[in-house]
Novice: 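First the structure, which I've put down as structure tokens, then a few questions once you've had a look.
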Amino acid sequence: MTDPISLRLSRSIGASSLMALVLFAGATLYTATGGSARELLVKELLINLMLVLGIQLFIGNTGILSFGHLAFAQIAAYTVALLTIPVAVKSQQLPDIPFGLGSVHMGAFPATLVAIAVALLVGGLIGVAVVRAGGIAATMITLAVLFVVDQLVKNWQELTKGAGGLSNVPTLDGTMWLWVGGIIGLFVAHWFGETRSGRFAIATREDEIAAPALGIGLFRSRYVAWIVSMGLVGLAGALRVQAIGSTSPKQYTLDITVLLLAMLVVGGMRTPSGAVLGTVLITVGNEVFRQLGDPKRLDIERFPDLFLGVALLAAMLWRPGGLLGDHDLAAWLRRRTRRSHEPVARVPPTRTAVLTADSIEVRFGGFTALRDARVRVGPGEVVGIIGPNGAGKTTLFNVVTGLVSPVRGTVMLGARDLSRAHPEEVARAGLARTFQNLRLFGNLTVLENVTLTAMVSAKYRPAEPPIDVAWLLQVSGLAGLEDRMASTLDYGNQRRLELARAAALSPQFLLLDEPTSGMSDDESLEMVERIRTMGAAVGAGVLVIDHDLAFITTISDHIVALADGEVIAEGTPSEIRRNPQVMEAYLGSAADDETASSNNGDE
């Protein structure tokens with residue numbers, strides 16, 4: 001299902017080492033001639049690299065834009081300065097320093113560790129609010145944090161010496177420790193993408209509704225990414241102050257944040273490779289245009305700002321996903337080192353649990369969407385739900401899967417009450433769903449889409465026998481398309497992929513919302529066999545809704561008919577076809593039109 005940890009570790013080390021070697025070779029050639037200014041640029045590049053990788057780890061994997069990461073780098077930088085400045089010097093710079101810090105002195109290494117810990121502690125507390133908020137609210141929280149920390153540093157004179165900053169910080173010799181920090185940043189960014197937490201975070205980036213419906217919790221996945229990114233920016237801040245010997249608020253402004261985000265956007269924010277490329281291009285380009293804008297040359301004021309604006313505009317117009325997009329060295333290594341094997345069929349487990357939703361009532365304001373609705377699905381059974389538009393079919397589905405909370409009624413899976421469960425809890429209990437409107441992880445491959453759900457099953461449904469993803473792709477008709485991006489598949493294959501992804505959860509029941517929507521008659525018939533085959537393969541019962549009456553009556557063992565939020569009939573397909581209430585509610589308008597047409601013709 002997933003590659004062994006040794007293989008994933010070797011890929012992370014390999015990708016990080018290769019990138020570091022290329023950067024080191026370029027830096028060595030660049031600094032072979034020229035003065036200390038070139039070494040300063042290399043230092044700036046390495047510091048930027050650590051910061052951008054830390055930002056990418058959160059933004060690129062969760063999709064939440066953050067303006068606040070630099071604030072935590074600043075916290076780490078000031079922590080190192082306060083701990084490493086000699087006591088005698090500190091008494092002169094900060095005569096009224098609080099917390100007894102005036103007599104504290106540490107070496108570079110322990111001070112760096114303490115600084116990272118402080119950044120993690122403060123970042124961890126703020127991260128709870130950021131991750132819970134999500135979306136634009138989370139972005140605004142991070143922006144507020146940047147401003148608050150900036151004002152705190154400028155105004156807490158006794159601790160920070162205000163806007164002037166702190167100096168006389170012991171410096172590190174050369175660039176060795178910056179290279180160590182850069183390599184650590186590269187490895188952490190690559191390794192995170194190989195971990196289960198990293199893959200789950202990417203799923204939440206791709207679709208905030210589909211991920212929980214497959215058992216992936218939004219908060220935990222994103223919070224782990226936030227914490228790891230705090231560690232990287234804390235490391236960057238700690239090394240930065242020791243590289244230049246001083247720190248001040250002007251090094252951590254919104255302008256610098258925008259510059260770092262530009263590096264991420266230009267290179268490609270979804271991958272570490274994009275972060276590295278963008279950092280190199282913008283850092284070098286910024287320096288080139290600074291020199292060109294010098295009064296002794298072109299004499300153009302703020303020329304680097306013009307370069308940055310043009311670079312961002314060009315990227316947004318021609319490469320919205322960044323220069324590399326989803327192309328990544330680590331992903332290439334993943335494909336090259338993937339261990340292929342003959343698909344292994346799985347013996348479907350014996351199920352005993354029954355899925356029931358009883359006496360369901362749902363209200364939206366003053367509108368009652370469902371009233372005393374019910375459905376029951378037995379092990380291995382295929383139950384269909386039909387009804388005209390607005391009947392409440394999808395609402396009932398959403399109640400069963402935890403997206404909508406009923407005001408009355410119960411949802412039970414065997415003896416387990418799921419009436420108030422969250423979507424990820426419902427999925428982990430054994431209910432996997434698809435959506436009327438496709439919700440695939442478009443920027444991931446076919447294999448990655450299905451493997452993600454198999455990883456959820458392995459973690460949260462350990463009692464289930466492991467499922468072979470290669471076999472599941474073969475059963476679903478997707479063999480040979482493993483490395484295709486989901487967004488590039490044709491519509492029929494996208495529907496098959498969504499079904500395979502749901503089945504990879506090893507669910508007790510598959511809940512399919514209009515799986516033949518947009519399909520031709522031939523494709524619908526093929527989907528009937530596909531659903532039955534898939535359900536039998538994983539030992540799952542099926543609850544399906546669809547507007548296609550022929551499809552529902554062909555696939556279902558039992559059918560529930562809804563109209564105006566109420567159950568008007570249920571029974572076998574033949575009983576439903578003959579039921580007058582169903583004909584009136586579901587086919588009434590068509591039948592009336594046909595009758596009227598016939599009467600006009602007789603006249």
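In what follows, every heavy atom counts, from backbone to side chain, and hydrogens, waters and symmetry copies are set aside.
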Novice: Charged N to carboxylate O below 4.0 Å: is that the case for E464 and R428?
Specialist: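 Salt bridge: no.
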Novice: Side chains of R496 and N493: closer than 4.5 Å at any heavy-atom pair?
Specialist: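 They are in side-chain contact.
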Novice: Count the heavy atoms belonging to other residues, nucleotides or ligands that lie under 6.0 Å from CE of M485, then report whether that count exceeds 12.
Specialist: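 Correct, the count exceeds 12.
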Novice: Measure the acute angle between the ring planes of F200 and Y460, then classify it against the limits of 30° and 60° as parallel, tilted or perpendicular.
Specialist: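 Aromatic pair F200/Y460 classed parallel.
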Novice: Would R495 and E526 pass as an ion pair if we require N to O under 4.0 Å?
Specialist: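 Looking at E526 together with R495, the answer is no, because their closest N to O distance does not fall below 4.0 Å.
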Novice: Applying salt bridge (charged side-chain N to carboxylate O under 4.0 Å, His left out) to R338 and D483, what does each step give before you reach the verdict?
Specialist: CA-CA 11 Å; R338 188 170 65 228; D483 294 324; 3.0 Å; yes
Novice: Can you see which heavy atom on R501 is nearest to which on A210, and at what distance?
Specialist: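 Closest approach of R501 to A210, heavy atoms only: NH2-CB, 4.1 Å.
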Novice: Could you state the interatomic distance from CG (L489) to CG (L440), rounded to the nearest 0.5 Å?
Specialist: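 If we round to the nearest 0.5 Å, L489:CG and L440:CG are 7.5 Å apart.
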Novice: Salt-bridged, R222 to E208, with N to O below 4.0 Å?
Specialist: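 Looking at E208 together with R222, the answer is yes, because their closest N to O distance falls below 4.0 Å.
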Novice: Check whether any side-chain heavy atom of F367 sits under 4.5 Å from a side-chain heavy atom of V362, and report yes or no.
Specialist: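 Of all side-chain heavy-atom pairs linking V362 with F367, none is under 4.5 Å.
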Novice: Working note: S574 + T572, criterion side chain to side chain donor-acceptor pair (under 3.5 Å); need CA distance, chi angles, decisive distance, verdict.
Specialist: CA-CA 5 Å; S574 60; T572 64; 3.2 Å; yes
Novice: Considering all heavy atoms of both residues, which atom of A470 and which atom of P343 are nearest to each other, and what is their separation?
Specialist: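 Taking A470 first and P343 second, the nearest heavy atoms are C-CB, 4.1 Å.
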Novice: Could you tell me whether E448 and R334 have a side-chain N and a carboxylate O separated by less than 4.0 Å?
Specialist: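 Yes.
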Novice: In sequence, state the C-alpha distance, the side-chain angles, and the governing distance for S506 and R461, and then conclude on side chain to side chain donor-acceptor pair (under 3.5 Å).
Specialist: CA-CA 8 Å; S506 300; R461 297 177 54 74; 5.8 Å; no
Novice: Please indicate whether R363 has more than 12 foreign heavy atoms, meaning atoms of other residues, nucleotides or ligands, lying under 6.0 Å from its CZ.
Specialist: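 Incorrect, the count does not exceed 12.
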Novice: Apply side chain to side chain donor-acceptor pair (under 3.5 Å) to the pair R335 and T445, showing each step before the final yes or no.
Specialist: CA-CA 11 Å; R335 289 191 297 271; T445 65; over 6 Å; no
Novice: Are F551 and P515 side-chain neighbours, meaning at least one heavy-atom pair lies under 4.5 Å?
Specialist: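 Side chain of F551 against side chain of P515, heavy atoms only: contact under 4.5 Å found.
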Novice: Is atom CD1 of I5 surrounded by more than 12 heavy atoms (other residues, nucleotides or ligands) closer than 6.0 Å?
Specialist: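 For I5, atom CD1 is not crowded (no more than 12 foreign heavy atoms under 6.0 Å).
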Novice: Output the distance between atom CZ (R132) and atom OH (Y223), rounded to the nearest 0.5 Å.
Specialist: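 These two atoms lie 10.0 Å from each other.
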Novice: Between L370 and A391, what is the shortest heavy-atom contact and its length?
Specialist: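 In terms of heavy atoms, the two residues are closest at CD2-O, 4.4 Å.
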Novice: Check the surroundings of atom NE2 in H558: do more than 12 heavy atoms from other residues, nucleotides or ligands lie under 6.0 Å from it?
Specialist: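 Check passes, neighbour count above 12.
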Novice: Can you see which heavy atom on L65 is nearest to which on T139, and at what distance?
Specialist: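 That closest heavy-atom pairing would be O-OG1, 2.8 Å.
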Novice: Check the side chains of S273 and D328 for a donor-acceptor pair under 3.5 angstrom, ignoring hydrogens and angles.
Specialist: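 Yes, S273 and D328 have a side-chain donor paired with an acceptor closer than 3.5 Å.
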Novice: Kindly give the heavy-atom pair with the smallest separation between L444 and I202, and that separation in Å.
Specialist: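 Distance-wise, the nearest heavy atoms are CD2-CG2, 3.7 Å.
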Novice: Side chains of D417 and S419: donor-acceptor distance under 3.5 Å anywhere?
Specialist: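 The criterion, which ignores hydrogens and geometry beyond distance, is satisfied for S419 and D417.
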Novice: Is it the case that over 12 heavy atoms from other parts of the model lie below 6.0 angstrom from the CG atom of D564?
Specialist: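 Not more than 12 within 6.0 Å, no.
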Novice: To check you understand the geometry: which heavy-atom pair defines the closest contact between F509 and V542, and what is its length?
Specialist: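 In this case the closest contact between F509 and V542 is CD2-N, 4.4 Å.
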